[in-house]
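Below: the structure, in structure tokens.
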Amino acid sequence: MRKKLIAGNWKMNGSLAANEALVAALRAGMGNAQCLVAVCVPAPYLAQVQQLVAGSAIDLGAQDVSQHESGAFTGEFSAGMLRDFGVRYCLVGHSERRQYHSETDVVVATKAQRALAAGITPIVCVGETLAEREAGRTEEVVKRQMAAVIHANGHCISEIVVAYEPVWAIGTGKTATPEQAQQVHAVLRSQLHAATEQAERMLILYGGSMNAANASQLLGQADIDGGLIGGASLKAPDFLTIIAAAG
Ligand code: PGA
């Protein structure tokens with residue numbers, strides 16, 4: 001039985017005061033959560049949130065990492081630096097990075113490698129655009145994105161977390177139906193089976209307008225092992241409802 005992971009992706013939101021209030025509300029409301037819980041916060045707040053989650057069941061996550069180990073890469077931060085702040089998870093290849101920062105499949109795969117080498121679990125995001133879905137290319141696209149990460153990471157692939165995030169569902173209020181999501185999750189799981197004997201214990205999260213109302217149905221699917229939550233992770237009651245639904 002896979003333990004589910006509910007990870008919040010705060011994106012570029014928050015402030016010292018707002019973060020403090022949000023984490024305090026999560027800590028107060030979590031009770032004995034049965035699932036794994038993480039918050040992926042903006043880099044400038046890693047040190048703050050490391051302190052805020054200390055001693056709780058909430059793990060710290062980052063939203064990106066450099067593909068390089070160190071050196072003259074102004075504005076970037078390395079996996080080793082993230083590790084210094086107790087970072088446990090790091091998003092890589094989020095569609096907003098692929099789209100607005102031109103991250104290719106190869107760059108995403110290298111970032112996953114950097115995270116793994118530093119002892120951080122990369123949450124590798126894959127997903128098709130609306131145009132790709134409408135053209136019947138969903139499987140082809142997610143398998144291509146996944147294949148690059150499998151190729152670069154060899155047997156370490158079993159140490160990653162995958163997040164299926166259809167681009168058309170992110171921040172739009174349009175969620176994939178549980179059946180649509182499960183179908184893609186099953187495709188990804190079978191691709192992982194071909195790459196590792198550990199595929200059955202690997203986590204494949206769903207992301208894209210998951211919220212307090214639709215979480216339990218999505219999380220009830222056989223191959224949906226948790227959620228990557230954007231908007232709803234900024235509201236403590238909603239995020240707590242999703243955590244409870246994963247229990
Ligand atoms: P959303 O974002 O829940 O706001 O759709 C999910 C994500 O981008 O990770």
Side-chain angles (χ1 to χ4, degrees), residues 4-14 18-19 22 26 35-43 45 49 58-65 87-103 108 111-112 115 120-130 132-133 138 141-142 145-146 149 160-178 180-182 184-185 188 203-219 221 224-246:
K4 289 188 165 53
L5 167 62
I6 300 298
N9 174 10
W10 291 1
K11 308 195 180 187
M12 199 170 74
N13 294 292
N19 302 344
L22 178 54
L26 295 179
C35 61
L36 302 167
V37 177
V39 288
C40 300
V41 310
Y45 295 125
V49 180
I58 305 172
D59 279 317
L60 185 60
Q63 298 176 9
D64 186 31
V65 65
V87 166
R88 166 92 178 73
Y89 299 99
C90 180
L91 305 182
V92 301
H94 189 281
S95 64
E96 288 152 16
R97 303 284 323 168
R98 293 181 191 259
Q99 198 180 338
Y100 307 139
H101 302 271
S102 306
E103 290 191 9
V108 172
K111 289 184 172 199
I120 293 169
T121 301
I123 301 179
V124 177
C125 305
V126 299
E128 82 287 2
T129 62
L130 184 60
E132 288 163 343
R133 172 162 285 265
T138 298
V141 169
V142 299
Q145 293 172 332
M146 196 67 240
V149 182
I160 75 164
V161 168
V162 178
Y164 169 55
E165 297 208 308
V167 178
W168 48 271
I170 294 177
T172 58
K174 278 193 211 162
T175 319
T177 65
Q180 281 174 324
Q182 166 58 28
V184 178
H185 282 232
L188 290 167
L203 300 185
I204 308 178
L205 316 182
Y206 170 80
S209 298
M210 192 189 271
N211 58 40
N214 62 26
S216 65
Q217 265 212 316
L218 286 158
L219 294 169
Q221 302 298 307
I224 300 186
D225 308 314
L228 181 54
I229 325 295
S233 74
L234 297 170
K235 300 176 213 137
D238 293 30
F239 197 55
L240 288 168
T241 301
I242 297 170
I243 290 168

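Numbers here simply count residues along the sequence, with the first being 1. Ligands are counted one by one from 1 in listed order, and the atoms in each one are counted from 1 as well.
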- Message: Give me the nearest non-hydrogen protein atom to atom 9 (O) of ligand 1 as residue plus atom name, then the distance to 0.1 Å.
- Response: Glu165 OE2, 2.7 Å
- Message: Could you check whether any side-chain heavy atom of Glu96 comes within less than 4.5 Å of a side-chain heavy atom of Ile170, counting everything from C-beta outward?
- Response: yes
- Query: ring-ring contact (aromatic ring centres under 6.0 Å, His included) with His185: which residues, sequence neighbours excluded?
  - Reply: Tyr164
- Query: With a cut-off of 6.0 Å (strictly less than), are more than 12 heavy atoms of other residues, nucleotides or ligands near CD of Gln217?
  - Reply: no
- Item | Any N or O of Ile229 closer than 3.5 Å to N or O of ligand 1 | no
- Query: Using a heavy-atom cut-off of under 4.0 Å, does the side chain or the backbone of Ala169 touch ligand 1, or both, or neither?
  - Reply: backbone
- Message: What I want to know is whether Gly231 and ligand 1 share at least one N or O pair that is separated by under 3.5 angstrom.
- Response: yes
- Short side-chain to backbone donor-acceptor contact, Asp225 and Val161, under 3.5 Å: no
- Query: Which atoms of ligand 1 are found less than 4.0 Å from any heavy atom of Gly208?
  - Reply: 5 (O)
- Is the shortest N/O to N/O distance between Gly230 and ligand 1 below 3.5 Å? yes
- Message: Yes or no: does Ser209 have any heavy atom under 4.0 Å from an atom of ligand 1?
- Response: yes
- Task: Determine whether the side chain, the backbone, both or neither of Ile170 has a heavy atom under 4.0 Å from any heavy atom of ligand 1.
- Result: both
- Query: Would Gly207 count as a contact of ligand 1 if the rule is a heavy atom under 4.0 Å away?
  - Reply: no
- Message: As an exercise, identify every atom of ligand 1 less than 4.0 angstrom from a heavy atom of Leu228.
- Response: 6 (C), 9 (O)
- For Gly171, the atoms of ligand 1 under 4.0 Å from one of its heavy atoms are 1 (P), 4 (O), 5 (O)
- Task: Check ligand 1 against Lys11 and write out every atom of the ligand that is under 4.0 Å from a heavy-atom position of the residue.
- Result: 2 (O), 7 (C), 8 (O)
- Tested for side-chain contact (heavy atoms from CB on, under 4.5 Å) against Met210, the lone hit among Leu205, Asp238, Ile242, Thr175 is Ile242
Residues 228-236 side chain polar contacts: donor-acceptor under 3.5 Å, at least two apart:
unit_1 : atom_1 : unit_2 : atom_2 : d
Ser233 : OG     : Ile229 : O      : 3.1
Ser233 : OG     : Gly230 : O      : 2.8

- Item | Pair Gln63, His94: side-chain N/O donor-acceptor within cut-off below 3.5 Å | no
- Message: Any heavy-atom pair between the side chains of Val149 and Val92 that's under 4.5 Å?
- Response: no
- Item | Polar atom proximity, His94 to ligand 1 (N or O, under 3.5 Å) | yes
- Query: Between the side chain of Tyr206 and the main-chain N/O of Gly208, is any donor-acceptor distance below 3.5 Å?
  - Reply: yes
